[in-house]
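These notes are about the structure you will find just below.
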Amino acid sequence: MYGWLWRSLPGPLAVRALTAVVLAGATAAFLWFVVFPWIEPRLPLDPAFPER
């Protein structure tokens, strides 16, 4: 999968590396700010310590 993604990115090595870093950052930000806050109330992550 990573090989396919790397071959699909346009440009020379420096542009590919920068694009890969930007894509990884955008994916991490999407997960951090959208997915995790949405799913956190739906998961009983630590039932031994209920929220106050």
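Everything numeric in this text was worked out from a predicted model, so none of it was measured.
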Using distance only, find each side-chain donor-acceptor pair of residues 7-27 under 3.5 Å and give its atom names and separation, not counting sequence neighbours.
residue : atom : partner : partner atom : Å
Arg7    : NH1  : Gly3    : O            : 3.4
Ser8    : OG   : Trp4    : O            : 2.7
Arg16   : NE   : Leu9    : O            : 3.4
Arg16   : NE   : Gly11   : O            : 3.2
Thr19   : OG1  : Val15   : O            : 2.7
Thr27   : OG1  : Leu23   : O            : 2.8

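When hydrophobic clusters are built by joining Ile, Leu, Val, Met, Phe, Trp and Tyr residues whose side-chain heavy atoms come closer than 4.5 Å, directly or via intermediates, Val34 is grouped together with Phe36. Cluster membership for Trp38 and Leu31, using ILVMFWY side-chain heavy atoms within less than 4.5 angstrom, is not shared.
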